[in-house]
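First the structure, in the form of structure tokens, and then the observations on it.
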Amino acid sequence: MSGGSNLTAIGVFAAFVAASLMITWWAARRTHSAGEFYTAGARIGGFQNGLALAGDFMSAATFLGLTGLVFIGGADAMLFTVGITVGWALMLFVLADRLRNLGRYTFADVVAYRLHPERVRILAAVGTLTVAIPYLVAQMVGAGALIQTLFGMSYLVAVMIVGTLMTVYVVFGGMLATTWVQVIKAVFLLAGGTALLLLALGQFGFDIGRMVSLAAEAHPQRSIILQPGALYDDPISVLSIAIAFICGTAGLPHILMRFFTVPDAEQARRSIGYAVVFIGYFQGVVFVIGIAAIALLSGQTDYADEAGGIAGGANMVAIHLSHRVGGEVFFGIIAGVAFATILAVVAGILLSATAGVAHDIYARVVRRGDISDSNEVLVSRIATAVIAVTAIGISLLFRDLNIAVISTFVLAIAASVNFPAIFLAVFWKGLTTRGAIAGGVTGLIVVVTLSVLSPTIWVGVLGNETAIYPYAYPTLFSVLAAFAVTIAVSLVDRSERAEIDRAAYRLQLVRSETGP
Amino acid sequence: MTSPDGASLLDDPRFRQLLRRRGRLRWSLAGLLTAAYLAYSVAGVYASDLLGRNFMDSPVSWWIVIGYVLIVLSIALSLVYVRATRNLYASYRLGVSEVQR
């Protein structure tokens with residue numbers, strides 16, 4: 001898998017980069033105001049935004065990572081496949097239009113609508129950065145490792161390429177460039193995934209039953225892989241995973257920021273409706289690809305490492321499968337698509353981190369809104385470069401970072417810190433500024449503590465013998481704790497500010513339905 | 001659409017009806033999907049053997065088939081929600097414009 005395959009992969013990736021740089025050049029000429037920088041002037045159509053939303057979520061973790069998870073744990077990965085689609089549908093029912101009507105650039109605008117603007121923006125910025133920076137680093141470390149394996153490039157060069165391109169997209173093209181880069185990547189990924197599915201099914205004469213039977217025979221755990229329980233067999237872990245998807249998806253800042261790129265609530269609903277269709281379809285495809293990989297790659301020495309495991313680790317399963325079913329050229333295409341996927345995703349995350357720093361902290365807290373539009377754009381561009389350099393630096397220093405650990409951690413933080421404040425701000429009249437801050441801080445402390453004490457970090461990273469917190473995921477407890485503290489503190493809050501917070505709910509309710 | 005005293009819209013019976021209908025639609029769909037997913041997740045722990053059985057005569061398990069049913073259900077309910085919400089707003093706006101005439 002070298003030589004010709006690398007040329008195809010480089011060709012696909014070069015075509016993507018050329019197209020994305022042309023888009024950035026085009027977008028740069030249309031990006032002048034803060035509104036254009038953060039939300040593309042709220043002029044993106046529902047269908048395009050739906051594709052971009054799907055692209056934002058369909059990262060390397062949901063394509064390469066989930067295929068690898070099916071390959072290892074079989075049908076238990078259905079918990080993730082279903083959870084992702086359900087989480088998106090719930091976000092549509094519960095939050096989509098209300099967030100669009102209340103916000104301007106970031107989810108902090110929504111929480112700050114009736115609560116103390118400066119205090120809750122600091123909380124929202126902390127929630128944004130604790131999600132965005134680790135997520136950014138995880139994607140870049142993953143990209144570095146992937147490029148190293150695929151193209152034989154050094155890790156340093158790979159991270160620098162990804163870091164430089166994402167900075168160029170965001171600094172010059174803002175949300176407009178990021179959106180169209182994401183749209184192109186989503187089309188690439190949906191088409192590439194479908195082609196991989198069809199080629200894989202073709203190996204079994206398009207007989208799904210035959211494919212499943214062969215997978216059950218080939219997997220070391222045999223037919224047990226077709227039933228639940230191979231990876232998670234306790235209700236706490238399973239409920240934690242479910243809550244991470246139900247609450248975490250609606251707490252990801254780079255996803256929520258996209259709600260403000262469309263003109264109104266109607267388009268917001270349409271765009272998330274389209275996103276549910278694309279994401280649901282893609283998750284369904286990825287699961288079948290994983291099962292096909294079990295049948296076609298298990299025991300194949302060409303794709304195994306010296307220890308008998310899959311070469312390059314479980315994240316490489318989809319890439320190996322593309323070679324197995326489509327040869328060198330198709331392998332190159334899928335490798336190029338995987339790289340393009342990572343590149344587009346990091347640009348979206350970088351933009352959300354920038355908005356957290358430049359808009360929420362600098363423009364709204366430090367300057368208290370006393371800043372010209374052009375100055376805010378300038379600060380945003382500087383912030384983009386600083387955050388990008390920081391992320392590149394961390395990625396180079398911690399290249400052995402466990403990507404799966406960080407990705408899980410990110411969704412747990414989004415669910416425990418951001419979601420309770422957003423949900424209660426929109427739906428509960430009794431929420432006060434003190435309650436929101438107390439709940440957010442509690443969520444953050446509980447999620448970090450339980451994550452460190454869990455088997456993944458306490459045993460897997462720190463090398464202890466037994467975990468103090470025995471479950472894989474913290475979200476069941478951290479989300480419950482965040483909600484409980486937010487509600488309890490709000491209920492006992494008798495401050496003057498609390499009265500203002502509660503009294504403003506009526507106007508907020510009207511605005512959340514009718515828009516500005 | 002929201003004036004400085006926009007909260008007075010909450011006293012309008014047509015707007016209150018819109019809020020009630022929107023709330024019913026939102027929470028019924030969200031409740032149905034959340035309950036189905038949580039039940040599916042927990043059933044995977046307590047009824048693992050049962051869900052691992054073959055679906056009819058195929059080698060595919062009930063667990064996988066139900067998983068795909070939930071994905072299709074999520075997509076279908078999302079499309080229902082987008083359409084139904086658009087109709088609710090259309091009927092509200094029609095009511096308001098009839099009164100204004």
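All chains are named by letter (A, B, ...) in the order of the sequence lines, taking the proteins before the strands, and each is independently numbered beginning at 1.
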Task: Least distance between heavy atoms, B/G67 atom then A/V82 atom - done: O-CG2, 3.5 Å
Task: Value rounded to 0.5 Å, distance of CG in A/L507 from CG in B/L9 - done: 10.5 Å
Open item on the list: If you compare all heavy atoms of B/P59 against all heavy atoms of A/L226, which two are closest, and at what distance to 0.1 Å?
Closed with: O-CD1, 3.5 Å
- [ ] Measure up the B/Y81 and A/F93 rings against each other and bin them: parallel (under 30°), tilted (30 to 60°), perpendicular (over 60°).
- [x] tilted
TODO: Specify the closest pair of heavy atoms between A/Q227 and B/D49, including all atoms of both residues, with the distance to one decimal.
DONE: NE2-OD1, 3.4 Å
Task: Interface moiety of A/Y505 toward chain B, non-hydrogen atoms closer than 4.5 Å - done: neither
Open item on the list: Please identify, among B/R22, B/R53, B/R83, the residue contributing the most non-hydrogen atom pairs under 4.5 Å to chain A.
Closed with: B/R22
Task: Pairs of heavy atoms under 4.5 Å with chain B: top-ranked of A/G87, A/A75, A/G229 - done: A/A75
TODO: Among A/V94, A/V86, A/I246, find the one that has a side chain to side chain contact (heavy atoms under 4.5 Å, CB included) with B/T34.
DONE: A/I246
Task: B/S41 versus chain A, the contacting section by heavy-atom distance below 4.5 Å - done: both
Open item on the list: Just so I understand: if I count every heavy-atom pair under 4.5 Å between each of B/L70, B/V72, B/L29 and chain A, which residue has the most?
Closed with: B/L29
- [ ] Flag the one option from A/Y274, A/F245, A/F287, A/Y232 with the top tally of heavy-atom pairs under 4.5 Å to chain B.
- [x] A/F287
- [ ] Provide the full list of side-chain hydrogen bond (donor to acceptor under 3.5 Å, both in side chains) pairs with a residue in residues 70-86 of chain A, sequence neighbours left out, each pair given once.
- [x] none
Task: Top of A/A89, A/A242, A/G273, A/G280 for chain B proximity - count of heavy-atom pairs under 4.5 angstrom - done: A/A242
- [ ] Please state whether the side chain, the backbone, both or neither of A/D234 comes within less than 4.5 Å of a heavy atom of chain B.
- [x] backbone
Task: OG-CG distance between B/S74 and A/L90, expressed to the nearest 0.5 angstrom - done: 7.5 Å
Open item on the list: If the condition is salt bridge (Lys or Arg N to Asp or Glu O under 4.0 Å), which residues does B/R14 pass it with, not counting sequence neighbours?
Closed with: B/D12
Task: chain A contact via B/W27 - side chain, backbone, both or neither, heavy atoms under 4.5 Å - done: side chain
Task: Heavy-atom contact with chain A under 4.5 Å, split by part of B/Y37 - done: side chain
- [ ] Any chance you could measure B/S78, atom OG, to A/W88, atom CH2, to the nearest 0.5 Å?
- [x] 11.0 Å
Open item on the list: With a 4.5 angstrom heavy-atom cut-off, is it the side chain or the backbone of B/L79 that approaches chain A, or both, or neither?
Closed with: side chain
Task: Proximal component of A/E513, with respect to chain B [non-hydrogen, under 4.5 Å] - done: both
- [ ] Heavy-atom distances under 4.5 Å only: say whether A/Y281 touches chain B with side chain, backbone, both or neither.
- [x] backbone
Task: Over all atoms of both residues, closest heavy-atom pair of B/Y46 and A/P235 - done: OH-CG, 3.2 Å
Task: A/M78 vs B/W63, side chain to side chain contact (heavy atoms under 4.5 Å, CB included): CA-CA, chis, key distance, verdict - done: CA-CA 8 Å; A/M78 256 299 169; B/W63 168 255; 3.6 Å; yes
TODO: Find the distance between OG1 (B/T85) and CZ (A/R270) and round it off to the nearest 0.5 Å.
DONE: 13.5 Å
Open item on the list: As a quick check of understanding, evaluate side chain to side chain contact (heavy atoms under 4.5 Å, CB included) for A/L92 and B/V82, giving each step before the final call.
Closed with: CA-CA 9 Å; A/L92 165 66; B/V82 172; 4.1 Å; yes
Task: Contact leader toward chain A among B/N54, B/L10, B/L19, where contacts are heavy-atom pairs under 4.5 Å - done: B/L10
TODO: Against chain B, label A/L79 side chain, backbone, both or neither, depending on which of its atoms sit under 4.5 Å from a heavy atom there.
DONE: both
